[in-house]
Amino acid sequence: MDKTYQPANIETRWYQEWEEKGYFAPSGEGQPYSIMIPPPNVTGSLHMGHGFQEAIMDALIRYHRMKGCNTLWQVGTDHAGIATQMVVERQLEVQGVSRHDLGREAFIEKVWDWKAESGGTITRQLRRLGSSLDWSRERFTMDPGLSAAVQEVFIQLYKEGLIYRGQRLVNWDPALHTAISDLEVISEEEQGHLWHFKYPLSNGEGHLVVATTRPETMLGDTAVAVHPEDERYAHLVGQTIDLPLTGRQIPIIADDYVDRDFGTGCVKITPAHDFNDYAMGQRHGLDMINILTDDANLNDEVPEKYRGMERFAARKAVVDDLDAIGLLDKVEDHTLKVPRGDRSGVVIEPYLTNQWYVDAKTLAKPAIEAVENGDIQFVPKNWENTYFAWMRDIQDWCISRQLWWGHRIPAWYDDAGNIYVGEDEASVRADNNLGDDIALRQDEDVLDTWFSSALWTFSTLGWPEDTEDLATFHPSSVLVTGFDIIFFWVARMIMMTVHFRKEVPFHTVYVHGLVRDSHGAKMSKSKGNVLDPIDLIDGIDLESLVTKRTAGMMQPKLAKKIEKQTRKEFADGIAAYGTDALRFTYYSLASTGRDIKFDVGRIEGFRNFCNKLWNAARYVLMNCEEQDCASDHDNYELGLADRWIISRLQETEAEVEKAIANYRFDLASQAIYDFVWNEYCDWYLELSKPVLWDDNASDAAKTGTRRTLIRVLEATLRMAHPLMPFITEEIWQKVASLAGQFGSTIMTQAYPECDDKRIDTFANADIEWLKGVIVGIRNIRGEMNIAPGKELEVLLRNGDDNDKNRLDQNEQYLKKLAKLSSIRFLNEDETAPVASAALVGDLEILVPMAGLIDKYAELARLAKEIDKLENDVKRVEGKLGNSSFVDRAPAEVVAKERDKLASQQQALEKLRQQQQELQKL
RNA sequence: AGGACUAUAGCUCAGUUGGUUAGAGCGCUACCUUGACAUGGUAGAGGUCCCCAGUUCGAAUCUGGGUAGUCCUACCA
């Protein structure tokens with residue numbers, strides 16, 4: 001083995017082998033365990049969020065596979081309608097071609113080409129992460145099988161009346177020319193203005209003042225509303241206004257939606273361009289005048305002057321014109337929420353169109369129940385509240401999109417406007433007895449991407465066919481996802497699955513936090529703080545990183561800033577840390593919080609951890625290879641250290657198991673880290689040396705030590721494998737046979753489980769004693785600046801029989817680990833030399849000072865210790881002096897405090913004696 | 001406006017049903033190439049557990065109020 005851990009040499013090699021050998025496929029035996037990957041965009045690339053999420057899922061999958069489950073991790077990608085179409089349109093734009101120039105069919109072909117070209121990127125990257133996905137079952141939301149499922153669902157929901165077509169206001173994206181759902185609209189506060197206009201009363205007796213943030217919509221006003229109990233205007237209700245610039249007369253109506261205290265208490269009503277006004281228009285039977293085109297330019301419903309104007313130009317024109325005729329009352333600064341499309345970033349228009357809707361309220365009911373009755377559980381549980389809150393107030397879901405890339409809606413229209421829904425034109429004709437003389441045209445629109453995603457857990461398993469995979473792997477075991485798509489995806493999956501399968505899509509939803517940069521900011525291209533998981537694995541030099549982060553930046557100023565920032569933060573680029581270190585970092589961050597702040601500094605620590613494990617293995621192999629490790633006989637003996645580390649391994653196994661059961665990967669990784677580094681390496685390997693290197697030690701003891709070294713290492717590798725698959729496999733291959741384990745891969749070995757019988761509390765206590773003595777001596781050595789190489793003669797005083805026994809049995813350990821030339825108890829009649837002392841319980845450990853230790857340094861050290869103890873004693877004395885504590889606290893708590901006080905007082909007494917003796921000198 | 005979450009060491013975070021000497025990693029200080037590892041070893045420094053009040057014998061932990069921050073949902077023109 002190399003002296004240092006070199007991940008690049010092992011990772012891709014092992015992944016290829018695993019995949020070729022088919023280890024990722026379900027075994028066909030055992031309890032089914034399945035996870036459906038949240039399908040990434042087929043033309044996308046891996047980001048930190050993916051990396052985190054895949055790491056979690058892979059750990060769960062590998063863990064259950066090793067536990068003997070029939071494990072399926074279903075892989076696949078999403079066609080991501082809008083996102084993908086936009087990318088291809090942008091590529092065409094560079095060539096000066098629009099999708100309309102190409103026409104629908106040719107354009108879709110281009111998209112398929114692009115999918116073929118770039119579609120492998122993310123799946124290649126998933127492999128780099130070590131994800132043990134069953135690639136033989138890879139699916140795509142637009143492949144024939146899944147498309148059939150989509151069609152089936154649409155047709156059936158239509159027949160049940162749960163999908164309908166309707167004309168109403170939708171969120172219209174004027175850049176993308178499509179409707180989008182409420183969830184795809186992001187509203188954020190922006191600085192704007194509030195314009196106050198005078199609307200003259202038709203009777204010539206003055207005017208009303210209305211305020212608006214969108215002056216141009218006044219051209220579509222069909223009423224002015226006041227509050228029904230507003231005395232200022234009560235007498236005007238029923239009268240009309242001469243709507244300026246239009247020549248139209250519009251009524252003054254009363255509606256209690258109006259807030260009397262806002263502005264003047266008069267509101268202009270534009271039913272065709274505002275959701276609240278729309279509702280009011282319906283209540284009052286107002287006209288709806290659509291004044292916009294698909295591009296959000298003004299249409300022919302407005303006076304000639306404004307026709308064809310862009311909406312913001314029209315705004316200015318309307319304001320200027322009203323001002324010119326003296327009807328602009330005033331303009332105020334005003335912050336308002338501006339709705340923008342999450343993809344296009346342009347301001348969304350409420351726009352009157354025909355769209356397809358899903359009756360979400362009906363579907364939501366059983367979906368809510370599935371969570372209420374515990375069939376589905378969220379982890380952490382509080383996300384259920386978020387789910388309920390949204391589901392109980394759910395709005396119908398607009399599922400049609402005016403795009404070309406996606407599942408085309410299976411609906412046909414005749415010239416009379418009748419709607420026919422069916423598999424294809426032929427079946428529609430057949431089902432409805434439509435002759436060839438009746439012209440049919442198919443709906444131009446496609447379905448929201450999330451419509452097909454909602455079917456993901458069962459469509460990937462072959463539905464609507466009644467497959468064995470469905471019977472075996474559905475419902476899936478757990479969904480691993482971020483809270484950002486609980487509404488987009490999780491809720492809709494539950495609705496669709498419960499409706500069509502009469503069972504839940506998954507039993508558990510594990511909701512993890514979102515990966516952010518080290519300061520907690522969202523990672524985004526425009527902020528220039530994006531990290532690519534692959535760069536953390538392979539490393540990247542500074543220049544490449546700068547180029548990558550600033551590529552395709554529209555604003556040169558921004559690019560400059562990002563470059564500066566990047567050069568500062570990554571002056572030396574990013575080192576190659578390897579997949580296992582990256583994954584371990586993810587796990588360590590996977591606690592219950594909502595934000596996961598990713599600091600590159602952390603990954604280095606875990607790369608070092610990999611190196612630690614690597615070198616521990618080197619040490620073990622060095623001592624075990626071609627040696628008797630008792631792999632096939634019982635002729636060995638386990639010493640204290642052996643029994644202790646075996647015991648600690650059991651406890652760690654139990655801890656890891658519990659952590660994984662609770663989706664606490666931070667605790668699982670912590671337990672493994674701690675065991676490997678702080679116990680196995682720091683103590684056990686050191687404790688093995690005095691045995692292996694002692695000529696007086698018996699062969700049976702040496703064999704027992706070697707056996708323990710190799711077997712604990714081997715079990716640790718299995719324990720850690722789900723979290724760090726590559727390094728564990730690489731080492732395991734070299735270690736397994738020495739530990740009496742056989743197999744072609746660690747992947748399918750049994751996961752180690754805690755054996756209570758091997759938890760040895762006596763060994764634990766003895767080792768704690770041993771550590772106490774060693775640490776006590778090391779502490780004196782460190783504090784007193786005694787050269788590390790200087791061997792000490794240590795004396796013990798005041799111990800009981802237990803201490804004496806322990807000394808007898810551990811003398812070799814003590815000498816080696818604390819660097820002692822001798823250690824013995826003082827005889828009864830022997831006076832102790834001047835010494836520096838440490839305490840382990842009642843036992844005093846004396847390091848003679850002669851020639852080694854400065855009196856005043858030791859006095860200072862003692863003073864510090866005494867001070868600390870005095871405080872402790874005071875606190876406990878206070879507690880025990882409080883009669884209500886003694887009376888009311890449980891007896892065992894009181895007893896514990898008494899014991900504590902007694903031993904503290906004793907220790908204090910000894911240290912004070914020590915202090916006095918020293919002072920006399 | 002309603003709701004959720006967060007506040008613990010310089011930084012990032014653990015802390016299980018109230019009883020711990022409040023922990024870890026990174027960073028920091030001193031010493032050390034000792035035969036697995038300097039991607040290392042040994043020792044050490046560092047905390048008013050956001051603030052106030054309450055419950056309790058006892059609060060980082062429970063309750064109420066406040067402050068600060070983050071986010072979600074809805075939205076007043």
Side-chain angles (χ1 to χ4, degrees), chain A residues 1 3-5 182 187 194-195 210-214 217 225 257-259 261-270 274-277 334 336-337 380 382-383 385-386 389-390 393 483-484 486-487 514 516 518 520 575 577 581 588-589 591-599 601-602 604-623 658 662 664 666-667 670 673-674 677-678 681-682 685-686 689 693 775 778-789 819 868-869 871-872 875-876 879 882-890 892-894 896-897 900 904:
Chain A
M1 289 173 79
K3 189 174 172 183
T4 53
Y5 159 67
D182 299 341
S187 287
L194 193 57
W195 286 270
V210 299
T212 181
T213 56
R214 304 205 48 199
T217 63
Y257 158 77
V258 179
D259 179 354
D261 301 325
F262 188 91
T264 57
C266 302
V267 192
K268 62 187 270 310
I269 302 299
T270 323
D274 180 282
F275 289 101
N276 288 309
D277 292 5
H334 184 70
L336 70 160
K337 292 268 191 157
N382 57 289
W383 288 111
N385 296 330
T386 307
W390 191 69
D393 188 36
F483 59 82
D484 52 332
I486 287 180
F487 305 145
L514 263 32
R516 299 171 178 281
S518 59
Y577 295 110
S588 76
L589 295 169
S591 69
T592 54
R594 244 182 6 189
D595 291 341
I596 296 161
K597 291 183 198 164
F598 193 96
D599 193 329
R602 289 203 62 152
E604 189 178 339
F606 293 115
R607 190 271 320 263
N608 295 353
F609 175 63
C610 292
N611 187 59
K612 191 75 180 173
L613 181 60
W614 184 262
N615 276 289
R618 284 206 322 137
Y619 168 82
V620 173
L621 286 170
M622 219 172 265
N623 285 287
K658 185 182 166 197
N662 293 322
R664 287 298 302 271
D666 57 329
L667 301 181
Q670 175 76 33
Y673 184 99
D674 202 53
W677 200 311
N678 301 123
C681 290
D682 282 355
L685 294 193
E686 295 307 318
K689 291 173 184 175
W693 299 347
V775 168
R778 281 178 180 169
N779 175 286
I780 291 170
R781 196 189 275 279
E783 294 273 283
M784 296 298 108
N785 274 319
I786 299 171
K819 270 248 153 76
K868 212 190 276 175
L869 260 178
N871 280 329
D872 291 345
R875 190 171 38 232
V876 181
K879 234 179 188 177
N882 182 348
S883 62
S884 49
F885 169 72
V886 179
D887 294 346
R888 305 173 94 151
E892 71 219 49
V893 173
V894 178
K896 204 172 138 196
E897 290 296 315
K900 199 197 285 176
Q904 281 174 350

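A, B, ... follow the sequence lines: proteins, then strands. Residue 1 opens every chain.
Between the CZ atom of A:F598 and the P atom of B:C13 there is a distance of 13 Å, rounded to whole Å. A straight line from CZ of A:R602 to P of B:C26 spans 9 Å, rounded to a whole angstrom. A:L621 has its CG atom 13 Å from the P atom of B:A36, to the nearest Å. Summarising the geometry, the separation between CG on A:L685 and P on B:G40 is reported as 15 Å, rounded to the nearest angstrom. When rounded to the nearest whole Å, the span between CG of A:N382 and C1' of B:A4 equals 7 Å.
Among the atoms of the strands shown, none is found under 4.0 Å from any heavy atom of A:F609. Among the atoms of the strands shown, none is found under 4.0 Å from any heavy atom of A:R516. Among the atoms of the strands shown, none is found under 4.0 Å from any heavy atom of A:W383. Note on A:R214: nothing from the nucleic acid sits closer than 4.0 angstrom, heavy atoms only. The residue A:C266 sits apart from the nucleic acid: no heavy atom pair falls under 4.0 Å.
In this structure, A:N779 reaches the B:G44 phosphate: one of its side-chain N or O atoms is under 4.0 Å from OP1 or OP2. Between A:R607 and B:C26, a side-chain N or O to OP1/OP2 separation shorter than 4.0 Å is absent. A close approach under 4.0 Å does occur between a side-chain nitrogen or oxygen of A:K900 and OP1 or OP2 of B:U21. Between A:K3 and B:A38 there is a side-chain polar atom (N or O) within less than 4.0 angstrom of OP1 or OP2. Here A:K689 reaches the OP1 or OP2 of B:A36: one of its side-chain N or O atoms lies under 4.0 Å away. OP1 or OP2 of B:A77 sits under 4.0 Å from a side-chain N or O of A:H334. Of the side-chain N and O atoms in A:N608, one or more sit less than 4.0 angstrom from OP1 or OP2 of B:G40.
Using cut-offs of 30° and 60° on the angle between ring planes, the pair A:F262 and A:H334 is perpendicular. Ring geometry for A:F606 versus A:Y673: interplanar angle over 60°, hence perpendicular rather than tilted (30 to 60°). Using the six-membered ring where Trp is involved, A:W693 and A:Y619 have ring planes that are perpendicular, over 60° apart on the 30 and 60° scheme.
Of all heavy-atom pairs spanning A:K3 and A:N611, the tightest one is O-OD1, 4.4 Å.
Of all nucleotides listed (B:C26, B:A36, B:U20), B:A36 comes nearest to the side chain of A:K612. For A:F487, the side-chain atoms get nearest to B:C72 when compared with the rest of B:C76, B:A43, B:C72. Comparing B:C71, B:A77, B:G35 by their closest approach to the side chain of A:W693 singles out B:G35. Side-chain proximity of A:S591 to B:C5, B:A14, B:U16: nearest is B:A14. When distances run from any side-chain atom of A:R594 to the nucleotides B:C76, B:A36, B:A4, the shortest one goes to B:A4. Distances were taken from every side-chain heavy atom of A:K597 (C-beta onward) to each of B:C13, B:A36, B:A14; the shortest belongs to B:C13.
Applying the 3.5 Å distance criterion, the base of B:U42 shares no donor-acceptor pair with the side chain of A:R781. Side-chain atoms of A:E686 come within donor-acceptor range of the base of B:A36, with a qualifying N/O pair under 3.5 Å. Side-chain N/O atoms of A:R778 and base N/O atoms of B:U42 include no donor-acceptor pair closer than 3.5 Å.
Where A:L667 and A:V893 meet RNA chain B, the nucleotide closest to each residue was compared, and A:L667 sits on the side nearer the 5' end.
Residue A:W677 and nucleotide B:G25 are not classified as a stacked aromatic pair, given the requirement of ring centres less than 5.5 Å apart at an interplanar angle below 30°.
Base-pair partner of B:G18: not found among the strands shown (Watson-Crick or G-U wobble, both distances under 3.5 Å). Across all strands shown, B:U67 is found opposite B:A7 as a Watson-Crick or G-U wobble partner, with both distances under 3.5 Å.
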In the 5'-to-3' direction, what one-character label does each nucleotide of nucleotides 55-62 of chain B receive under the scheme B = base within less than 4.0 Å of a protein heavy atom, S = sugar-phosphate only, - = no such atom? --B-----

